[in-house]
Novice: 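Okay, here's the structure, questions in a sec.
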2 protein chains.
Amino acid sequence: MDEAAIHGILSRLLMAGTLPGSVKLGEHRLAEIFGVSRERIRKVLHRLGHERLLEIVKNRGAFTIEPDLREGRVVYEARRILESGMAAHLADNLTEAQIARLRQHVDAEADALRSGDQPTWLRLSAEFHFLLAEMTENPIVQRQAHELISRTLMLVKRYETTAGSACGCEEHRAIFRALAARERGKAVKAMHSHLSLVETRLRPTICVEEGPSLEEVIAHEIAVYREANGAALMAAG
Amino acid sequence: MDEAAIHGILSRLLMAGTLPGSVKLGEHRLAEIFGVSRERIRKVLHRLGHERLLEIVKNRGAFTIEPDLREGRVVYEARRILESGMAAHLADNLTEAQIARLRQHVDAEADALRSGDQPTWLRLSAEFHFLLAEMTENPIVQRQAHELISRTLMLVKRYETTAGSACGCEEHRAIFRALAARERGKAVKAMHSHLSLVETRLRPTICVEEGPSLEEVIAHEIAVYREANGAALMAAG
DNA sequence: GGCGCTAATTTTGTGCACAATCGCTAACAG
DNA sequence: CTGTTAGCGATTGTGCACAAAATTAGCGCC
């Protein structure tokens, strides 16, 4: 298990938001769970801290962050700023192939929503924004957008009322339509209002529901990783 | 000399663009220069790599990046996307006090330009964009903008023809005027065209001019740091 | 019984030594 | 003369051991 793998597993785990806030991620404990040396965990932890996926307190260790709604406001504001700019750029530069790809994605979202497949829809819903970031074909923007979207995923998983999520699909379609028509102003507006609406859907639910232990959660995530990795290896070989 | 200090010194050094590209920053060598252990340097180097201020090659070490014009295109595109979004946001949300502050800054830029004080003007010119980022009052946007602007500083210092720089002042004023008038569309346009113009001013000068040695450059930077730090200490005490 | 202080324990931070890897050079074969 | 390979030197990566810091538990005192 190399550094990249551990980083991937932990970052996915943190983005999923399955852990409550302020959970201590002890170096020694993680080292035992992953079966690697403490230094390797240490490096990964500091990197995750730099990516703002957890909080590093000097001489105290790493803690999962409680993404409170106050911080949520900041993240969504940042997304409105960045993704509005992205929308403007994309409206001017999308190729026909990219537009087709977007249409396909929005349709898939609608399908998942109609069939009541909520996990799939949730995933596709996030991927829509990742997809837009990719289409800028700008690695810097991609990284910045990735970081922001990751952080909102934690928020959504924790605070969003599932009922409210349902209406998001039409908003994505509105963005798509404006982009496809290359109407810059309309695309920016659609993106802006979409992100504002998602933000308003966050409810301060007092969720202190206790999940399984850290060991179990990570074990599951490792299993998922091995599965995906195995599949990739088969495809490659 | 703690980690933060070393990071600050090196990041300022790299942003200044005084070093040519592909200069090797050996861990042992830097450790000796700063008079600290290799591990501390190591940590800082990796962090700087993560911030894309230098390049880390596995088993090879850290190298200053040659900010070639190809990469410059990407950075400026990212800035157009992000700072256009910022301009739109600011046009809607600036306070009167902030507008006054901006006016003051633009005037200072004009003064510096008129009096031919090029170093000051160059600094103010960059600070204009930092100032706009600050005024979003959004720490995430501030960090992202900071990273982008830092990277362009390297480019400008290296590739921009000094003669061409002179016309940038009016562009900043145009942005300011649109923001002050709260004309969102105009502000976005002004920002977009400004960043495009700056980019076109970059010339592929074949500058292989050899500067002083790494030791000398860093020694100078350390002196600057101590001076600033000393002043801060005096003000604090 | 509550509060504050101290000591012990646990956890992170750091320096050091060794191992692994890479590039370079030189020698040898074709 | 050129291309390839093996050995060497240098530099980074990693595990380990120790040091520093913080939390907690225990104890005495008010």
Side-chain angles (χ1 to χ4, degrees), chain A residues 1-11 13-14 19-66 210 213-219 222 225, chain B residues 1-11 13-14 19-66 213-218 222 225:
Chain A
M1 181 97 58
D2 68 340
E3 185 189 318
I6 298 175
H7 177 268
I9 289 172
L10 283 181
S11 83
L13 178 66
L14 293 166
L19 288 173
S22 299
V23 169
K24 183 171 177 58
L25 298 176
E27 297 178 353
H28 189 69
R29 193 175 173 193
L30 288 176
E32 244 180 57
I33 294 177
F34 282 102
V36 299
S37 72
R38 192 166 70 91
E39 329 304 304
R40 194 166 295 197
I41 295 292
R42 191 178 170 66
K43 213 164 134 192
V44 172
L45 247 38
H46 279 274
R47 182 170 161 199
L48 288 168
H50 195 261
E51 289 165 2
R52 311 280 161 151
L53 281 166
L54 45 79
E55 195 189 354
I56 302 285
V57 183
K58 171 118 178 160
N59 286 320
R60 291 277 318 278
F63 299 87
T64 59
I65 54 181
E66 180 70 62
E210 203 35 61
S213 78
L214 187 61
E215 274 83 358
E216 290 177 282
V217 174
I218 291 182
I222 291 177
Y225 167 77
Chain B
M1 181 97 59
D2 67 341
E3 185 190 318
I6 297 175
H7 177 269
I9 290 172
L10 282 181
S11 81
L13 178 66
L14 292 165
L19 288 173
S22 298
V23 169
K24 181 170 178 58
L25 298 175
E27 297 179 352
H28 190 69
R29 191 175 176 194
L30 288 176
E32 244 180 58
I33 295 176
F34 282 102
V36 298
S37 73
R38 191 166 70 91
E39 327 303 305
R40 195 165 295 196
I41 294 292
R42 191 178 171 65
K43 214 163 133 193
V44 172
L45 246 39
H46 279 274
R47 182 170 162 199
L48 288 168
H50 195 261
E51 289 164 3
R52 313 279 163 155
L53 280 166
L54 44 78
E55 195 188 354
I56 302 286
V57 183
K58 171 117 176 159
N59 287 320
R60 292 280 317 281
F63 299 87
T64 59
I65 55 181
E66 179 71 62
S213 78
L214 187 60
E215 275 82 358
E216 289 176 285
V217 174
I218 290 182
I222 290 178
Y225 167 77

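Each chain gets a letter, A, B and so on, in the order its sequence line appears, and its residues count up from 1.
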Novice: Rounding to 10°, can you tell me the angle the first-five-pair axis of the helix from C:dG1-D:dC30 to C:dG30-D:dC1 makes with its last-five-pair axis?
Specialist: 10°
Novice: Any chance you could measure A:T64, atom OG1, to A:L10, atom CG, to the nearest 0.5 Å?
Specialist: 11.5 Å
Novice: Output the rounded distance in Å from CD1 (A:I41) to P (C:dG13).
Specialist: 14 Å
Novice: Just how far, in rounded Å, is C1' of D:dT12 from CZ of B:F63?
Specialist: 11 Å
Novice: In whole angstroms, how far is the C1' atom of C:dT12 from the CG atom of A:L25?
Specialist: 14 Å
Novice: Atom CD of A:E27 to atom P of C:dG13: distance rounded to whole Å?
Specialist: 6 Å
Novice: Can you list everything that forms a ring pair (Phe, Tyr, Trp, His ring centres under 6.0 Å) with B:H50? Sequence neighbours excluded, please.
Specialist: A:H50
Novice: Side-chain atoms of residues 33-41 of chain A: list all donor-acceptor pairs with protein atoms under 3.5 Å, sequence neighbours left out, distances to 0.1 Å.
Specialist:
| unit_1 | atom_1 | unit_2 | atom_2 | d |
| --- | --- | --- | --- | --- |
| A:R38 | NH1 | A:E27 | OE1 | 2.6 |
| A:R40 | NH1 | A:M1 | O | 3.2 |

Novice: Do the side-chain N or O atoms of A:K43 get closer than 4.0 angstrom to the phosphate oxygens (OP1, OP2) of D:dG13?
Specialist: no
Novice: Considering residues at least two apart in sequence or located in another chain, which fulfil the side-chain contact (heavy atoms from CB on, under 4.5 Å) criterion with A:R52?
Specialist: A:E147, A:R151, B:R143
Novice: Residues in side-chain hydrogen bond (donor to acceptor under 3.5 Å, both in side chains) with A:E215, at least two apart?
Specialist: A:R29
Novice: What is the distance, to the nearest angstrom, from the NZ atom on B:K24 to the C1' atom on D:dT11?
Specialist: 6 Å
Novice: By side-chain hydrogen bond (donor to acceptor under 3.5 Å, both in side chains), which residues pair with B:K43, not counting sequence neighbours?
Specialist: B:E3
Novice: Between P on D:dT14 and CD1 on A:I6, what's the gap in Å once rounded to a whole number?
Specialist: 11 Å
Novice: How long is the line joining CG of B:D2 and C1' of C:dT14, in whole Å?
Specialist: 14 Å
Novice: Please tabulate, for side-chain N and O atoms in residues 55-63 of chain A, each donor-acceptor pair with protein atoms closer than 3.5 Å (sequence neighbours left out).
Specialist:
none

Novice: Taking only the side-chain nitrogens and oxygens of A:R42, find out if one of them lies under 4.0 Å from OP1 or OP2 of C:dT12.
Specialist: no
Novice: Under the side-chain hydrogen bond (donor to acceptor under 3.5 Å, both in side chains) test, which residues partner A:H46, sequence neighbours left out?
Specialist: none
Novice: Given atom CD of A:E3 and atom P of D:dG13, what is their separation to the nearest angstrom?
Specialist: 10 Å
Novice: Establish, with yes or no, whether the OP1 or OP2 oxygen of D:dT12 is under 4.0 angstrom from a side-chain nitrogen or oxygen of B:H46.
Specialist: no
Novice: Taking only heavy atoms on the protein side, list every residue of residues 48-57 of chain A lying under 4.0 Å from any atom of DNA chain D, sorted numerically.
Specialist: none
Novice: Across the strands shown, which category fits A:R40 at heavy-atom distances under 4.0 angstrom: base, sugar-phosphate, nothing?
Specialist: sugar-phosphate
Novice: Quick one: pull up CG in A:L25 and CG in A:L19 and give me the separation to the nearest 0.5 Å.
Specialist: 7.0 Å
Novice: Counting primed atoms plus P, OP1 and OP2 as sugar-phosphate and everything else as base, spell out the protein contacts along nucleotides 16-23 of chain D at 4.0 Å heavy-atom distance: B, S or - for each nucleotide, 5' to 3'.
Specialist: BB---SSS
Novice: Mind checking whether B:I6 and B:L30 have side chains closer than 4.5 Å, heavy atoms only?
Specialist: no
